[in-house]
There are 2 protein chains.
Amino acid sequence: MAEKELHTEDKIIDAAREVFVEKGMAGARMQEIADKAGINKSLLHYYFRSKEKLFDAILSQVIGGIGSMFGTMMQEGVSIENKVKLFVDTYIEVFQLNPFLPNFILNEITRNPDGFIELFSRSSIEPQKFFEPLDKQLKLEGYSIHPHDFIINTLSMTIYPVAVKPILKRFLFDGDEQQYNAYINSRKESVYTFIMNALSGYKI
Amino acid sequence: MAEKELHTEDKIIDAAREVFVEKGMAGARMQEIADKAGINKSLLHYYFRSKEKLFDAILSQVIGGIGSMFGTMMQEGVSIENKVKLFVDTYIEVFQLNPFLPNFILNEITRNPDGFIELFSRSSIEPQKFFEPLDKQLKLEGYSIHPHDFIINTLSMTIYPVAVKPILKRFLFDGDEQQYNAYINSRKESVYTFIMNALSGYKI
DNA sequence: GTCTATACGGCGATAGAC
DNA sequence: GTCTATCGCCGTATAGAC
């Protein structure tokens with residue numbers, strides 16, 4: 001049973017994720033997915049009836065992956081300081097490893113908001129599950145900032161710099177990939193500091 | 001000479017901007033642009049040789065618009081406090097009026113970074129022109145934060161919430177557009193406060 | 001399950017009349 | 001400058017052999 005070869009369906013999923021995440025629904029080509037999976041174009045339709053269905057499968061998977069991290073990080077009882085540290089570290093890491101991910105999600109949210117929300121709802125992710133513990137913890141530690149602002153500001157600062165990678169790389173680091181990566185890494189520390197500095201202004 | 005009717009070329013530009021900004025290069029259709037401009041599809045090719053050329057015209061225009069704001073806001077001699085206020089106010093306003101703009105730019109940066117950088121370079125925008133005064137002012141007022149971090153964090157927090165509008169609208173405000181807009185408006189104040197709170201932690 | 005061949009429609013682009 | 005008609009390609013999807 002120990003096969004080295006992935007089954008066809010898995011090969012398709014892997015290839016499709018790569019192409020869809022990089023190019024988006026409109027930009028992706030079934031041919032490119034087939035080539036990357038090392039199979040024939042018509043096999044794609046054999047396993048998944050249409051491009052749309054294949055895309056949905058990928059999007060669900062991506063949403064699930066992102067969301068599951070959210071949950072574990074925002075558990076009850078964890079201090080704000082540790083929440084921020086964990087959150088920033090994890091997401092910066094993930095986005096650095098998958099530089100097309102932020103844009104893919106952002107793009108899909110605008111392109112087809114209803115479809116995104118639909119898949120998101122099916123995904124067993126419950127936003128309340130991390131909003132409530134966060135709200136509770138903020139109050140407990142005496143921070144008067146609204147949890148919405150807190151979470152949105154934090155997310156913004158971790159996602160944005162990756163979404164504009166080519167621009168930053170070019171204009172801040174003269175096109176040097178290493179310098180850019182070093183900078184993104186340094187943000188694990190600096191964003192954390194920035195947020196904690198900000199928070200101290202909300203201490204009651 | 002006082003014509004009410006726009007000339008054809010302007011009608012095309014307006015229609016094309018609307019469609020391209022909403023759907024992106026791959027998602028946009030020449031037919032839709034023609035319909036929106038109230039003209040025939042082949043006229044598009046008469047004025048602009050190809051879809052690509054039309055797209056470039058739009059992208060240049062958009063880049064120019066965004067960039068020119070940057071410059072005026074980051075003038076020398078303006079206090080950090082006022083820079084932040086002006087910056088946040090202006091950009092939140094612009095993005096609220098053009099909710100597809102953030103995604104369009106972000107998407108294009110990833111899709112064709114070289115093309116974007118090329119057009120950006122032709123646009124007479126010089127990033128140094130606002131980095132230097134900012135750097136100077138931060139030092140003058142005794143803030144030890146790196147200008148890169150400052151500008152990226154500020155940009156992040158103004159752009160991101162608009163780029164994920166459908167999600168926020170749905171999950172924070174149960175789909176209510178008015179509430180979402182009110183929230184975005186409230187961020188003019190809250191982001192300013194957040195940043196100034198953060199900055200006070202960098203005071204030497 | 002996997003391949004080859006092909007149908008079918010959509011889209012960018014051109015030709016040519018007015 | 002603006003229109004109608006049409007070309008030719010490309011991309012999704014299906015038919016059918018193996």
Side-chain angles (χ1 to χ4, degrees), chain A residues 1-61 100 104 107-108 111-112 115 119, chain B residues 1-62 100 104 107-108 110-112 115 119:
Chain A
M1 298 287 183
E3 309 136 284
K4 284 172 198 172
E5 283 288 325
L6 289 172
H7 286 178
T8 304
E9 188 163 338
D10 295 326
K11 288 197 292 187
I12 293 176
I13 289 280
D14 286 350
R17 186 176 46 240
E18 213 175 314
V19 176
F20 276 131
V21 168
E22 180 172 346
K23 310 254 171 98
M25 173 63 179
R29 295 290 163 252
M30 294 295 265
Q31 185 62 61
E32 190 180 350
I33 296 174
D35 291 348
K36 198 155 278 185
I39 55 151
N40 194 280
K41 210 174 37 158
S42 57
L43 260 191
L44 297 179
H45 290 90
Y46 177 78
Y47 280 91
F48 304 81
R49 283 190 54 79
S50 67
K51 186 186 181 182
E52 191 95 38
K53 289 217 168 54
L54 178 54
F55 181 81
D56 281 357
I58 300 303
L59 185 57
S60 297
Q61 206 190 54
F100 291 111
F104 173 69
N107 195 35
E108 193 49 26
R111 189 189 72 91
N112 182 14
L119 291 182
Chain B
M1 297 292 179
E3 310 136 284
K4 285 172 199 171
E5 283 289 324
L6 289 172
H7 285 178
T8 304
E9 187 163 340
D10 294 325
K11 288 197 291 186
I12 293 176
I13 289 280
D14 286 350
R17 187 177 45 239
E18 214 175 312
V19 175
F20 276 133
V21 168
E22 180 172 346
K23 310 250 169 108
M25 172 63 180
R29 296 290 164 252
M30 295 296 265
Q31 185 62 61
E32 190 180 351
I33 295 174
D35 291 347
K36 196 154 278 184
I39 55 151
N40 193 279
K41 204 171 52 154
S42 57
L43 261 191
L44 296 179
H45 290 91
Y46 177 79
Y47 281 92
F48 303 82
R49 284 190 54 79
S50 67
K51 185 185 181 184
E52 190 96 39
K53 288 216 166 56
L54 179 53
F55 181 82
D56 282 357
I58 300 301
L59 185 57
S60 297
Q61 206 189 54
V62 169
F100 290 111
F104 173 69
N107 196 34
E108 193 51 24
T110 350
R111 190 189 71 91
N112 182 13
L119 290 183

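Throughout, a chain's letter reflects where its sequence line sits, starting with A, and its residues are numbered from 1.
The residue B:Ala28 sits close only to the backbone: its heavy atoms come under 4.0 Å of sugar-phosphate atoms, none of a base. If you check every strand for non-hydrogen atoms under 4.0 Å, A:Tyr47 touches sugar and phosphate atoms only. Note on B:Ser42: a base of the nucleic acid sits closer than 4.0 angstrom, heavy atoms only.
The nearest whole Å value for the distance from the CZ atom in B:Arg49 to the P atom in C:dG12 is 16 Å. The CZ-P distance, from A:Arg29 to D:dC9, rounds to 17 Å in whole Å. For the pair A:Lys51 NZ and C:dG10 C1', the computed distance is 13 Å after rounding to whole Å. For A:His45 and C:dT6, the NE2 to P distance is 18 Å, given to the nearest whole Å. Taking atom CD of B:Gln31 as the reference point, atom P of C:dG10 lies 12 Å away to the nearest angstrom. Look at CG on B:Asn40: it is 14 Å from P on D:dT6, rounded to the nearest Å.
Taking only distance into account, the side chain of B:Lys41 meets the base of C:dG12 through a donor-acceptor pair shorter than 3.5 Å.
Atoms CE and CG, from B:Met25 and B:Asn107 in turn, are 12.0 Å apart once rounded to the nearest 0.5 Å. Separating the CD1 atom in A:Ile33 from the NZ atom in A:Lys23 is a distance of 9.5 Å, to the nearest 0.5 Å.
Between the side chain of B:Lys53 and the backbone N or O of B:Tyr47, no donor-acceptor pair lies under 3.5 Å.
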